[in-house]
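Take a look at the structure below.
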Amino acid sequence: MRLGPEPLRALFARVCRPVAVARTQGAWYRRWRLVAVDGTVFDVPDTAANAQFFGRPGTSRGQGRSAYPQVRAAALAECGTHALFAAEVGPLKVHETVLAQRLFPVLTKGMLVLADRGFCGLDLWRAAKAGGADLLWRVRSVVVLPVLEALPDGSYLSEIVAARDNYRRADPERVRVIEYTLGPRGGDGTVYRLITPLLDPDQAPAEELAALYAQMSNWALKRAKHHGPPRPDTPTVRLVEPTRATSTSRKTT
């Protein structure tokens, strides 16, 4: 007799929890437990039922479709242990941000949630912090981040709005922005941009947050999938001053 997915879902929800203790390396930043949200895809057996429900990615070779159906997944993972404590799967056509939003009710106060630039959006941002968690998310270069106030640690206060409100900016959310380059002498000049609701630099200095994100940027979900070891190195971080950060000539990602 097959149990079906519901008993397994209930078992996962009951058993899978963050497991880091105070001495766990890479699991904490100051008072926060480090958590990453990420998405991935993986192959499933080539059956008619799987192909119909999950779908196949396109390919430029052969019959124009992949040999195996693929599942899209999003998960929350503890950075220091790579323990997955919340996950959602769905058809390939469902965007990872849709799946991720179903995970956010388990985020709580005392967590610092890292996310890559594919997860940025005001509605998603507000959903992620609704339970009291703090966030450190990378944003795309096209996101408009006006400098409202430069801060002494090299970061600045700004605001984000929903794409539908980009011109009126009637419902903004205050954020702190950290911009930095990587590598000796700024590497290739690419500027990385992070946003956080932690507005007080004394709570979390910009240089520390930039170094933390750079070190953790090989995401926990992909490492858990491939069983990779923690990344021991800390890349060289150089903060970008707000006056330079607003230059239209800079190279951003």
Side-chain angles (χ1 to χ4, degrees), residues 5-6 8-13 15-20 26-27 33-47 49-61 64-107 111-121 123-125 127-129 133 135-140 192-195 212-233 235 253:
E6 290 310 315
L8 295 178
R9 179 183 289 271
L11 179 64
F12 182 92
V15 173
C16 295
R17 294 284 188 273
V19 296
R33 183 188 299 271
L34 296 177
V35 172
V37 57
D38 201 6
T40 190
V41 297
F42 54 88
D43 295 341
V44 291
D46 185 14
T47 66
N50 280 342
Q52 181 177 6
F53 184 79
F54 294 112
R56 301 174 189 266
T59 177
S60 60
R61 295 180 293 180
R65 62 178 189 173
S66 174
Y68 291 95
Q70 286 190 337
V71 171
R72 190 175 301 281
L76 293 171
E78 191 175 46
C79 290
T81 64
H82 305 153
L84 303 185
F85 62 95
E88 286 285 340
V89 299
L92 190 60
K93 65 182 179 181
V94 177
H95 198 276
E96 62 186 8
T97 56
V98 175
L99 298 175
Q101 193 150 355
R102 302 174 192 169
L103 307 173
F104 290 160
V106 307
L107 297 175
M111 293 179 175
L112 180 61
V113 186
L114 284 67
D116 205 352
R117 54 189 171 175
F119 285 87
C120 190
D123 295 337
L124 205 63
W125 177 267
K129 63 193 287 285
L135 313 178
L136 183 63
W137 289 13
R138 186 177 168 190
V139 295
R140 298 182 186 276
Y192 300 85
R193 306 200 296 170
L194 307 177
I195 58 173
L212 172 70
Y213 189 94
Q215 187 175 20
M216 296 293 177
S217 62
N218 224 346
W219 295 109
L221 179 57
K222 292 182 177 67
R223 286 189 171 276
K225 179 181 175 183
H226 297 293
H227 306 288
R231 184 177 181 176
D233 60 307
T253 64

- Note on the structure: All heavy atoms of Leu107 vs all of Ala128, minimum pair found to be CD1-O, 3.6 Å

- Message: Just to verify, what does Asp123 make a side-chain contact (heavy atoms from CB on, under 4.5 Å) with, not counting sequence neighbours?
- Response: Arg164

- Item | Pair Arg9 + Glu88: basic N to acidic O under 4.0 Å | yes

- Supply the atom-to-atom distance Leu135 CG to Trp125 CH2, rounded to the nearest 0.5 angstrom. 4.5 Å

- Query: In chain order, what residues pass the side chain to side chain donor-acceptor pair (under 3.5 Å) check against Arg56, with sequence neighbours excluded?
  - Reply: Asp46

- Task: Not counting sequence neighbours, which residues clear side-chain contact (heavy atoms from CB on, under 4.5 Å) with Phe85? List them please.
- Result: Pro18, Val35, Leu76, Val106, Met111

- What closest approach, in Å, do Gln70 and Pro57 show between heavy atoms, and which atom pair accounts for it? OE1-CG, 3.4 Å

- Message: Ignoring hydrogens, what is the shortest heavy-atom contact between Ala74 and Ala100? Give both atom names and the distance.
- Response: CB-N, 3.9 Å

- For Gly121, does its backbone N or O pair with a side-chain atom of Trp137 as donor and acceptor, under 3.5 Å? no

- Query: So Phe104 and Val113, side-chain contact (heavy atoms from CB on, under 4.5 Å) or not? Walk me through it.
  - Reply: CA-CA 10 Å; Phe104 290 160; Val113 186; 5.6 Å; no

- Query: Any donor and acceptor pair, going by atom type alone, linking the side chain of Tyr213 with main-chain N or O of Ala115 inside 3.5 Å?
  - Reply: yes

- Query: Hey, does Arg138 have a side-chain heavy atom less than 4.5 Å from the side chain of Leu194?
  - Reply: yes

- Item | Nearest-0.5 Å distance, OG1 of residue Thr97 to CZ of residue Arg102 | 10.5 Å

- Message: Among residues at least two apart in sequence or on other chains, which ones pass side-chain contact (heavy atoms from CB on, under 4.5 Å) with Leu11?
- Response: Val15

- With sequence neighbours excluded, what pairs up with Val44 under the side-chain contact (heavy atoms from CB on, under 4.5 Å) test? Phe42, Asn50, Phe54, Pro69, Val71

- Quick one: closest heavy-atom pair of Ala83 and Arg17, and the distance? CB-O, 4.4 Å

- Check for a donor-acceptor pair, side chain of Glu78 on one end and backbone N or O of Ala20 on the other, with a separation under 3.5 Å. yes

- Note on the structure: Those residues at least two apart in sequence (or on a different chain) that pass side chain to side chain donor-acceptor pair (under 3.5 Å) with Glu96 are none

- About how many Å separate CG of Leu136 and CG of Leu114, when rounded to the nearest 0.5 Å? 5.0 Å

- Minimal non-hydrogen separation, Leu84 against Ala77, with atom names: CD2-CB, 3.4 Å

- Query: Atom NE2 of His95 and atom CZ of Phe119: how far apart are they, to the nearest 0.5 Å?
  - Reply: 8.0 Å

- Can you name the closest pair of heavy atoms from Ala73 and Val89 and give their distance? CB-CG1, 3.9 Å

